[in-house]
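See structure below.
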Amino acid sequence: MNYKKRTHTCGNLDTFSIGQNVTLNGWVAKKRDLGGLYFIDLRDRYGITQLKITPEYEELHALVSKIGNEFVISCSGIVLKRENPNKNLKTGEIEVHVFEMQVLNESSVTPFVIEEDVKANEDLRLQYRYLDLRRRKVYENLILRNKVYQIVHSYFSDFNFIEVETPILMKSTPEGARDYLVPSRVHKGKFYALPQSPQTYKQLLMVSGFDRYVQICKCFRDEDLRADRQPEFTQIDIEMSFVDQEDIFKISQGLFRKIWSDTINYNLPDEFPQMTYDTALSKYGIDKPDMRIKDLMVINDITEGFVNSEFTVFKNIVNSNGIIACIKINMNDGPGKIEITRKISDSYTDFVKKLGFAGLAFLKMNENNEIQSSILKFLSNDEIDFFRSNMNLKQGDFVFIVSGRKNLVLNALGQLRLKIAEDFNLLDNNKHEFIWITDFPLFNYDEDSNKYAGEHHVFTSPKNDFMKYLDSKDREEILSIRANCYDLVYNGNEIGSGSIRIHNSEIQKKVFNIIGLTDEEANEKFGFILEAFKYGAPPHGGVAFGFDRIIAMLCGTKSIRDVIAFPKTVSASSLMDNAPNIVSEEQLDDLGISLK
């Protein structure tokens with residue numbers, strides 16, 4: 001088909017273009033018939049331009065009468081000043097008086113109207129994702145994603161990093177989540193795995209002497225999904241030799257300062273605060289605290305005030321080595337008045353019950369500076385005085401108390417404080433709070449399987465002071481080991497994780513032994529990297545940042561599906577092309593596979 005190519009886009013005409021003859025190509029976003037006078041909003045990636053078609057051109061007028069939404073057209077005309085400007089459009093001061101038009105392709109009636117406030121549900125939009133991507137809100141997300149790509153490439157190039165692509169087909173290794181497996185046709189009965197991360201490869205690059213590696217890479221994990229998870233996702237992967245934790249922090253902080261400055265014009269501090277894992281749990285009940293409310297509702301362990309309590313609930317908790325803890329909020333803590341009504345307190349009781357607790361104790365300091373509580377009659381005067389002084393209670397304070405096993409109590413109060421913050425709009429979206437969480441445990445222990453596992457991954461180096469416990473058989477000593485491990489948290493979301501790695505094969509074997517891998521099993525699964533460590537592996541460390549999650553944060557959306565061109569659903573399927581799908585018997589025979 002021969003057609004006139006565009007001289008301009010639908011986003012770059014303005015009052016300086018008045019009087020020019022132009023040709024535009026694009027999609028019909030909207031058509032209006034005002035008694036024979038037609039107006040068309042023509043859309044392309046760059047914007048929208050209004051077209052004006054008058055009855056004087058009879059053939060053109062007849063053609064326009066048959067045009068529908070989403071037709072692809074080419075039109076030529078003269079740029080005129082618009083009689084009624086549209087301040088919401090970049091091109092709202094002008095319009096194009098069309099004298100020539102060609103339909104390049106027709107469109108069927110779309111399954112949903114392509115508009116910003118789309119009414120269609122997400123499944124329908126994902127089924128017709130190529131139509132959904134025509135919405136400005138969606139493709140602006142992808143344009144911003146592209147901008148951040150360029151920032152990342154440029155930033156690390158300035159710091160002498162080398163971009164290296166690591167394999168997509170690799171060996172299956174135990175890394176926490178399930179692997180996606182790829183059967184080999186050539187080696188029947190054997191499988192490749194898609195990488196959960198390039199962890200082993202980037203460590204091998206350090207052994208090879210590439211002391212500064214970076215890659216924007218695809219990773220794959222076969223796990224249960226939610227809004228911020230996809231079976232395939234993108235991360236910014238970084239590894240450096242001859243560095244310590246602070247070096248990793250410095251290069252990372254510079255990256256985020258650059259991204260935030262160049263995309264949303266926000267200046268982040270030169271250094272981000274740091275907090276240990278143990279402090280985060282004890283104060284906020286979670287290892288990814290939202291520092292927008294760092295001073296509100298901090299968790300207080302008040303067990304010591306009730307060690308001799310006669311209140312049966314507290315007495316049983318103390319005797320079973322549990323804890324009693326609480327959070328406090330004042331009615332003046334938020335932008336508006338916070339009033340905890342009976343209905344609201346009951347809803348919070350139901351909330352903690354779903355987390356496995358029998359109930360939630362509630363306490364209030366009234367306008368007469370008197371404590372009101374359903375459990376007051378069970379407490380001694382000394383215990384009431386302890387509450388008043390230890391919690392520094394004042395008029396308008398509300399206190400929520402939970403008791404039980406320490407880890408469960410901290411988790412419950414951590415989730416409750418976030419729910420209260422959301423309910424009373426205490427989370428300011430104009431704030432951008434980053435914090436490093438450090439000194440994670442090296443191991444956790446699974447009671448069901450009676451096994452240790454790596455808290456992050458098994459290549460994380462223990463901190464020097466805890467190295468001696470790698471030879472211990474005592475569970476408390478092993479679980480006390482703290483690692484050179486860190487997470488970057490932004491507004492309560494973990495957006496990155498990393499560590500200083502083990503670079504000594506003997507230390508690596510000790511870690512493998514603790515998680516239950518024999519020397520033979522370790523050699524079978526990780527023999528290649530253990531062998532590499534024998535040939536002069538340098539001290540090294542790194543970090544990986546969730547690229548999709550970063551873009552979602554910048555775009556102000558909670559779901560990373562909104563910033564991925566062709567995402568999967570929460571059931572890991574693609575509604576657009578019906579993947580995953582069945583394959584033919586011939587394909588299975590080639591692979592030597594039969595289905596149960």
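Throughout, numbering of the chain's residues begins at 1 and tracks the sequence.
Below 30°, between 30° and 60°, or above 60°: for Phe434 and Phe272 the angle between ring planes is below 30°, a parallel geometry.
Checked by atom type, the side-chain pair Tyr213/Asp237 shows a donor-acceptor distance below 3.5 Å. No side-chain donor-acceptor contact under 3.5 Å links Ser197 and Gln235.
Annotation: Asp350, atom CG; neighbour count of heavy atoms from other residues, nucleotides and ligands within 6.0 Å is above 12. More than 12 heavy atoms of other shown residues, nucleotides or ligands fall within 6.0 angstrom of atom NZ in Lys218. With a 6.0 Å radius and a threshold of 12 heavy atoms from other residues, nucleotides or ligands, Gln150 has its CD atom above the threshold. Shown here is Glu521, whose CD atom has more than 12 heavy atoms of other residues, nucleotides or ligands within 6.0 Å. Heavy-atom contacts from other residues, nucleotides or ligands closer than 6.0 Å to CG of Asp577 number more than 12. Environment of CH2 in Trp260: crowded, with over 12 heavy atoms of neighbouring residues, nucleotides or ligands closer than 6.0 Å.
The existence of a salt bridge linking Glu422 and Lys419 is excluded, since no basic side-chain nitrogen approaches an acidic carboxylate oxygen closer than 4.0 Å. Salt bridge Lys294/Glu433: absent, no basic N to carboxylate O contact under 4.0 Å.
Between Phe459 and Phe526, the gap from one ring centroid to the other is short of 6.0 Å. Less than 6.0 angstrom separates the ring centroid of Tyr149 from the ring centroid of Phe547.
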#### Entry: Pair Glu116-Arg43, salt bridge (Lys or Arg N to Asp or Glu O under 4.0 Å): steps then yes or no
CA-CA 13 Å; Glu116 291 312 301; Arg43 179 189 67 237; over 6 Å; no
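The only option from Phe357, Tyr348, Phe351 that meets the ring pair (Phe, Tyr, Trp, His ring centres under 6.0 Å) definition with Phe400 turns out to be Tyr348.
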